[in-house]
Amino acid sequence: MAVFQTMLKTYGSQGWWPGETAFEVMVGAILTQNTAWPNVEKAISNLKRAGVFSAVSLLDMPHEALAKLIRPSGYFNIKADRLQQFCHFLQEQGGVEILGNMETTRLRKLLLGVKGVGPETADDMLLYAFQRPVFVIDAYTRRIFSRLGMVSGDESYEVLRMGFESALEADAVLFNEYHALIVRHAKAFCSKKPKCAGCPLAARCTIP
DNA sequence: ATCCCGGATA
DNA sequence: TATCCCGGAT
């Protein structure tokens, strides 16, 4: 059985970012950079509770006030800048709806042009906010698939992304579930210090 | 290679 | 106490 099917059977559907606005997904994608998700949720609920959860509000707000609200997500000074840069980008482009009508390749380039949005964050946005069939590569993907012996792990981001995308059907629903399952599996078994006992992928793995 | 940084977990 | 976290810029 393929890796994806094994993970899906083991963990079930992960239901990532259900019923949330594209704006919220994109804000979350920035705030979660090198940060555990529960801390991001705190930051986002702070923004909502303060009634500033919109591009215009975040832009109008002083840097210090924004940094204070997103403090739980860590890197708050840097991320306050990144959020405001991103909101400025949204205004400049004419809003989320305009972006939603763009072709994926063009939209990806635009997102990568925003300071603070790197390849993983851009692809998180493309996949989870705009439902585009883009395969997200992260540290978990590198770790799991290098242990499985399917990649070396130190390939460039683009090489890995292309590898996954050409090996799979270009399906946003599939990519959405797959990346979420990769995260789940990395936490459950394939952590830095692997917990191989009971691992559902042990039979395929290079780790003794 | 280093910095940014709080919060959960071990 | 140390490590890690749905990274990116310098």
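Chain A is the first sequence line, chain B the second, and so forth, proteins listed ahead of strands; every chain is numbered from 1. Here the structure is a predicted model, which is why all the values come from computation and not from measurement.
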Basic-acidic side-chain contact under 4.0 Å: A:Glu165, A:Arg161: yes

Please tell me which of A:Val114 and A:Lys187 maps to the more 5' nucleotide of DNA chain C, matching each residue to the nucleotide holding its nearest heavy atom. A:Lys187

When A:Lys115 and A:Ser191 are each assigned the nearest nucleotide of DNA chain C, the 5'-most assignment goes to A:Ser191

Aromatic rings A:Tyr128 and A:His179: how do their planes relate, parallel, tilted or perpendicular, breaks at 30° and 60°? tilted

Partner of B:dA10 by Watson-Crick or G-U wobble geometry, both contacts under 3.5 Å, or none?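 Its partner is C:dT1 (Watson-Crick or G-U wobble, both distances under 3.5 Å).
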
Under 3.5 Å for both donor-acceptor distances, Watson-Crick or wobble: does C:dA9 have a partner, and if so which one?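 Across all strands, the one nucleotide that pairs with C:dA9 is B:dT2.
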
Tell me what [X] touches on the nucleic acid: a base, only sugar-phosphate, or nothing, going by heavy atoms under 4.0 Å.
| X | value |
| --- | --- |
| A:Arg143 | sugar-phosphate |
| A:Val136 | nothing |
| A:Pro119 | sugar-phosphate |

Between C:dG8 and B:dG7, how many Å separate the two P atoms, rounded to a whole number?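 My reading of the P atoms in C:dG8 and B:dG7 gives 23 Å.
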
Roughly how many Å is it from [atom1] in [X] to [atom2] in [N], rounded to a whole number?
| X | N | atom1 | atom2 | answer |
| --- | --- | --- | --- | --- |
| A:Lys42 | B:dG7 | NZ | P | 7 Å |
| A:Lys192 | B:dA10 | NZ | P | 16 Å |
| A:Asp138 | C:dG8 | CG | C1' | 14 Å |

Sort out for me which residue in A:Glu120, A:Arg82, A:Lys79 forms a side chain to side chain donor-acceptor pair (under 3.5 Å) with A:Gln33. A:Arg82

Between N or O atoms, less than 3.5 Å apart, protein on one side and nucleotides 3-6 of chain B on the other: list the pairs.
from, atom 1, to, atom 2, distance (Å)
B:dC5, OP1, A:Asn77, N, 2.6
B:dC5, OP1, A:Ile78, N, 3.1
B:dC5, O4', A:Tyr75, N, 3.1
B:dC5, N3, A:Tyr75, OH, 2.7
B:dC5, N4, A:Tyr75, OH, 2.4
B:dG6, N2, A:Asn39, ND2, 3.0

Less than 3.5 Å apart, any donor N or O on the side chain of A:Asp138 or A:Thr141 sitting next to an acceptor on the other?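 On atom types as modelled, these side chains qualify, holding a pair under 3.5 Å.
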
How about A:Phe23 and A:Phe53: are their ring centres within less than 6.0 Å of each other? yes

With ring centroids as reference points, do A:Phe175 and A:Tyr178 lie under 6.0 angstrom apart?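 Centroid distance A:Phe175-A:Tyr178: not below 6.0 Å, so no.
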
Do the side chain of A:Ser146 and the main chain of A:Arg142 share a donor and acceptor less than 3.5 angstrom apart? yes

